[in-house]
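Here the structure is laid out as structure tokens; the discussion comes afterwards.
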Number of protein chains: 2
Amino acid sequence: MNDTFQALSSSVRRKILAYLSKTDLTAGEISERFEMSKPALSKHLSILMNAGLIQGEKKGQYVHYSLVKENLFANMNDFLVNFCPQGRPLKLESAEIKKNKKTD
Amino acid sequence: MNDTFQALSSSVRRKILAYLSKTDLTAGEISERFEMSKPALSKHLSILMNAGLIQGEKKGQYVHYSLVKENLFANMNDFLVNFCPQGRPLKLESAEIKKNKKTD
DNA sequence: TAAGTATTTAACTAATAGGTTAATTATATC
DNA sequence: GATATAATTAACCTATTAGTTAAATACTTA
């Protein structure tokens with residue numbers, strides 16, 4: 001869980017996850033979307049890999065990255081369950097949440 | 001959202017939240033639960049405060065801290081909604097999640 | 001095989017995070 | 001008012017993080 005939250009503490013990495021939630025991308029395609037060197041991006045990708053939030057598959061000279069959604073949800077659930085008194089998995093009322101929404 | 005995930009990236013701070021999910025505590029009571037100096041704990045508390053995840057109320061010479069659960073859920077929801085294709089709030093099947101559970 | 005492209009690794013640097021002890025602030029009590 | 005307690009702030013140190021450029025690795029193609 002530590003690795004997960006550590007990985008999620010960077011907005012760059014959260015954006016990578018958001019991109020991958022739409023479609024798989026190669027390392028190069030990901031790096032095009034950021035104003036940052038490829039090695040820097042590569043490090044972010046390896047942090048997400050180590051946290052089990054993404055996976056990479058080498059195809060020829062490319063590495064295709066994809067989201068591992070189950071791990072994302074599993075870790076979030078493990079965490080959030082602490083705050084549900086009944087110990088049940090999440091059941092949120094969207095209205096109550098929207099009320100407190102802050103734009104980022 | 002950055003502040004929230006930054007705050008959650010520390011296991012000490014996640015433990016503080018877990019304690020506060022059970023009951024309100026003073027700064028001193030919180031620091032007793034960790035092997036760390038009071039100033040160090042105080043800094044963790046201020047990070048959680050800045051993220052809006054806890055609030056402190058001064059009563060006499062004590063400061064009583066409590067969880068602000070709504071902000072926790074709101075931020076998590078804002079984040080997780082990205083990964084729900086329909087854009088709906090979370091609806092997870094606990095069985096599928098348990099399968100991938102990793103102990104921390 | 002040589003040259004080009006995709007990606008990662010290595011070596012380095014600057015900024016940030018997380019801890020320490022000492023000092024300060026605010027309240028309580030004698 | 002003096003002293004004790006709770007909590008935070010200040011000053012400092014070390015380790016980690018996040019970026020850089022240069023080099024290495026792996027694959028493709030002429």
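Please read all numbers here as calculations on a predicted model, not as lab measurements.
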May I have the distance from [X] (atom [atom1]) to [N] (atom [atom2]), rounded to whole angstrom?
| X | N | atom1 | atom2 | result |
| --- | --- | --- | --- | --- |
| B:Glu35 | C:dG19 | CD | P | 12 Å |
| B:Leu41 | C:dA17 | CG | P | 18 Å |
| A:Glu57 | C:dA6 | CD | P | 19 Å |
| A:Gln61 | D:dT25 | CD | C1' | 12 Å |
| B:Lys38 | C:dT25 | NZ | C1' | 15 Å |
| A:Asn50 | C:dT8 | CG | C1' | 13 Å |
| A:Asn2 | D:dT17 | CG | C1' | 15 Å |
| A:Lys59 | D:dT28 | NZ | P | 13 Å |

Which part of the nucleic acid, if any, lies within contact of [X], taking any heavy atom under 4.0 Å across all strands shown: a base, the sugar-phosphate backbone alone, or nothing?
| X | result |
| --- | --- |
| A:Thr26 | sugar-phosphate |
| A:Lys58 | sugar-phosphate |
| A:Ala27 | sugar-phosphate |

If you round to the nearest 0.5 Å, how far is CD1 of A:Ile16 from CG of A:Leu41?
5.0 Å
If you find the nucleotide of DNA chain D closest to B:Ser46 and the one closest to B:Tyr62, which residue's nucleotide is nearer the 5' end?
B:Tyr62
Of A:Gly60 and B:Lys43, whose closest DNA chain D nucleotide lies nearer the 5' terminus?
B:Lys43
Any side-chain N or O of [X] under 4.0 Å from OP1/OP2 of [N]?
| X | N | result |
| --- | --- | --- |
| A:His44 | D:dT17 | no |
| B:Ser37 | C:dT20 | yes |
| B:Ser31 | D:dA7 | no |
| A:Tyr65 | C:dT8 | yes |

Name every residue in residues 15-25 of chain A that has at least one heavy atom under 4.0 Å from any atom of DNA chain C, in order of residue number, or write none if there are no such residues.
none
I need the minimum non-hydrogen distance between [X] and [Y], along with the two atoms involved.
| X | Y | value |
| --- | --- | --- |
| B:Val12 | B:Met36 | CG2-CE, 3.8 Å |
| A:Phe73 | B:Cys84 | CZ-SG, 4.3 Å |
| A:Ser31 | A:Lys38 | OG-CG, 3.5 Å |

Is the backbone N or O of [Y] less than 3.5 Å from a side-chain atom of [X], with the two atoms forming a donor-acceptor pair by type?
| X | Y | value |
| --- | --- | --- |
| A:Arg13 | A:Gln6 | yes |
| B:Asn71 | B:Gly52 | yes |
| A:Asn82 | A:Phe79 | yes |

For the side chain of [X], counting heavy atoms from C-beta on, which of [options] is nearest?
| X | options | result |
| --- | --- | --- |
| A:Leu45 | D:dT8, C:dT8, C:dA6 | C:dT8 |
| B:Pro39 | C:dT7, C:dT20, D:dA7 | C:dT20 |
| B:Met36 | C:dT7, C:dG19, D:dA7 | C:dG19 |

Verdict with reasoning, A:Leu67 to A:Leu17, per side-chain contact (heavy atoms from CB on, under 4.5 Å)
CA-CA 7 Å; A:Leu67 197 61; A:Leu17 294 180; 3.5 Å; yes
